[in-house]
Amino acid sequence: MIIIMRKNASETEITDVVERVKAVGFGVHLSRGVERTIIGAIGGDRAALENISLESAPGVEKLTPISKPYKLASRDFHPEDTVVRIGNHTVGGNDLWIGAGPCSVEGRELLLESAQLVRDGGAHALRAGAFKPRTSPYSFQGMGEEGLKIMAEAREQFGLPVVTEVMDTRDVELLDRYTDVLQIGTRNMQNFSLLKEVGRSSRAVLLKRGMSATIEEWLMSAEYIMSEGNHNVILCERGIRTFETATRNTLDLSAVVVAKSLTHLPVVVDPSHGVGKRAFVGAMARAAVAAGADGILVEVHQRPDAAKSDAAQTIGPAAFQQMMHEISAIAEVLGRRVPVSAAAHV
Ligand code: PEP
Ligand code: MN
């Protein structure tokens with residue numbers, strides 16, 4: 001249930017409603033907008049709430065049941081866009097956010113070189129995996145903690161926040177120490193223990209859409225994270241499985257507009273995993289920005305053909321520069337912008 005307070009409701013009236021809601025066994029989430037405060041009552045027995053006739057309580061304008069299964073993630077609950085801060089930049093506001101880098105950390109020299117490349121190209125964060133979810137157990141599995149240390153060094157040297165995937169609940173604490181954004185990969189979108197664990201961290205979480213997940217299931221996964229207290233969730237569309245085999249996945253750009261209508265959380269797009277082919281990445285990045293995505297997560301490597309994982313979909317320095325140039329122009333038409341990276345001055 002959401003309780004919408006009147007525009008001029010006093011603090012005492014708000015507190016009074018909160019206390020009454022808690023007294024009948026509900027959890028409370030307060031959303032203080034510029035206009036008015038919305039009180040979300042979560043988890044209790046609806047009949048008990050109806051019994052206390054809140055609609056006639058001082059300061060209350062109206063009560064609206066939330067029909068959706070996700071509450072904290074729902075736009076009904078929190079009408080204004082959530083803006084997540086990552087280092088000196090934000091995701092979800094007017095500014096677009098660009099995370100770029102190789103699929104995986106391959107070694108110290110190579111990663112530092114990539115960090116410099118994406119920094120010079122204008123990225124706001126460096127992406128790379130140290131723990132890699134590979135389809136085959138015989139493929140390169142990532143450098144593990146050593147890889148995290150290299151990422152931390154790149155962050156230090158180039159002033160770029162880092163985004164990296166966490167695959168196991170046992171590693172959350174470790175990753176929390178080294179990274180700025182914890183990425184939940186497509187294969188783990190419904191790993192509920194992992195979602196709860198990152199929900200207890202204070203790091204921003206980039207939640208990729210499961211390759212066979214509906215938008216509602218994706219939002220329920222965001223709800224798992226938020227229900228543990230971490231509201232810094234960024235959704236990432238990365239393509240879904242369809243009958244089509246010409247591309248690695250089918251990048252569902254309608255998911256950007258649909259998700260943004262249902263949730264206040266930022267939505268970014270990963271065109272690299274979305275299509276799986278280098279030649280199509282730039283066009284899909286442009287389309288994603290045109291559709292209203294809040295940012296792009298893209299695989300970039302100084303020598304893409306030599307990348308240890310996902311080489312076929314990794315773009316090189318020139319294509320990255322071109323992508324940045326084109327999406328900046330599209331952003332401008334939409335009244336948004338790709339801000340100059342704070343790391344450019346480090
Ligand atoms: C990645 O970002 O390299 C990755 C493994 O992504 P996904 O989980 O979307 O496949
Ligand atoms: Mn990859």
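Atoms within a ligand are numbered from 1 in the order they appear, just like the ligands themselves.
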(message) Would Lys308 pass as a cation-pi partner of Phe140, given that its NZ or CZ must be under 6.0 Å from the six-membered ring centre and within 45 degrees of the axis?
(response)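 Output yes; distance and angle both within limits.
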
(message) Does the residue Gly129 have a heavy-atom contact with ligand 1, meaning some pair of atoms that are separated by less than 4.0 Å?
(response)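 So Gly129 does not count as touching ligand 1.
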
(message) I'd like to know if Met211 contacts ligand 1, where contact means a heavy-atom distance under 4.0 Å to any ligand atom.
(response)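 Not so, Met211 does not reach ligand 1.
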
Considering non-hydrogen atoms of the protein only, which is the closest contact for [atom], and what is the distance?
atom: atom 8 (O) of ligand 1; result: Thr186 N, 2.8 Å
atom: atom 5 (C) of ligand 1; result: Glu165 OE1, 3.7 Å
atom: atom 6 (O) of ligand 1; result: Lys208 NZ, 2.9 Å
atom: atom 2 (O) of ligand 1; result: Arg127 NH1, 2.7 Å

(request) Using only heavy-atom distances, determine whether the side chains of Gln190 and Glu217 contain a donor-acceptor pair under 3.5 Å. (result)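 No - no donor-acceptor pair under 3.5 Å links their side chains.
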
(message) Which atom name would you report as the N, O or S atom of Asp310 nearest the Mn ion (ligand 2)?
(response)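 Sorting the N, O and S atoms of Asp310 by distance to the Mn ion (ligand 2) puts OD2 first.
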
(message) Looking only at the aromatic ring of each residue, does the gap between the centers of His29 and His231 stay below 6.0 angstrom?
(response)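 Yes: the rings meet the under 6.0 Å criterion.
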
(message) Donor-acceptor pair, distance only, cut-off 3.5 Å: does the side chain of Arg155 make one with the backbone of Tyr178?
(response)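 Yes: the side chain of Arg155 pairs with the backbone of Tyr178.
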
(message) I need the atoms of ligand 1 closer than 4.0 Å to a non-hydrogen atom of Arg187, numbered in the order shown.
(response)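 Counting from 1, the qualifying ligand atoms are 8 (O), 10 (O).
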
(request) Name the option, out of Arg238, Arg209, Glu237, that contains the heavy atom nearest to atom 10 (O) of ligand 1. (result)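 That would be Arg238.
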
(message) Test of geometry: compute the angle NE2(His273)-the Mn ion (ligand 2)-OE2(Glu299) and round it to 10°.
(response)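 Nearest ten degrees: 90°.
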
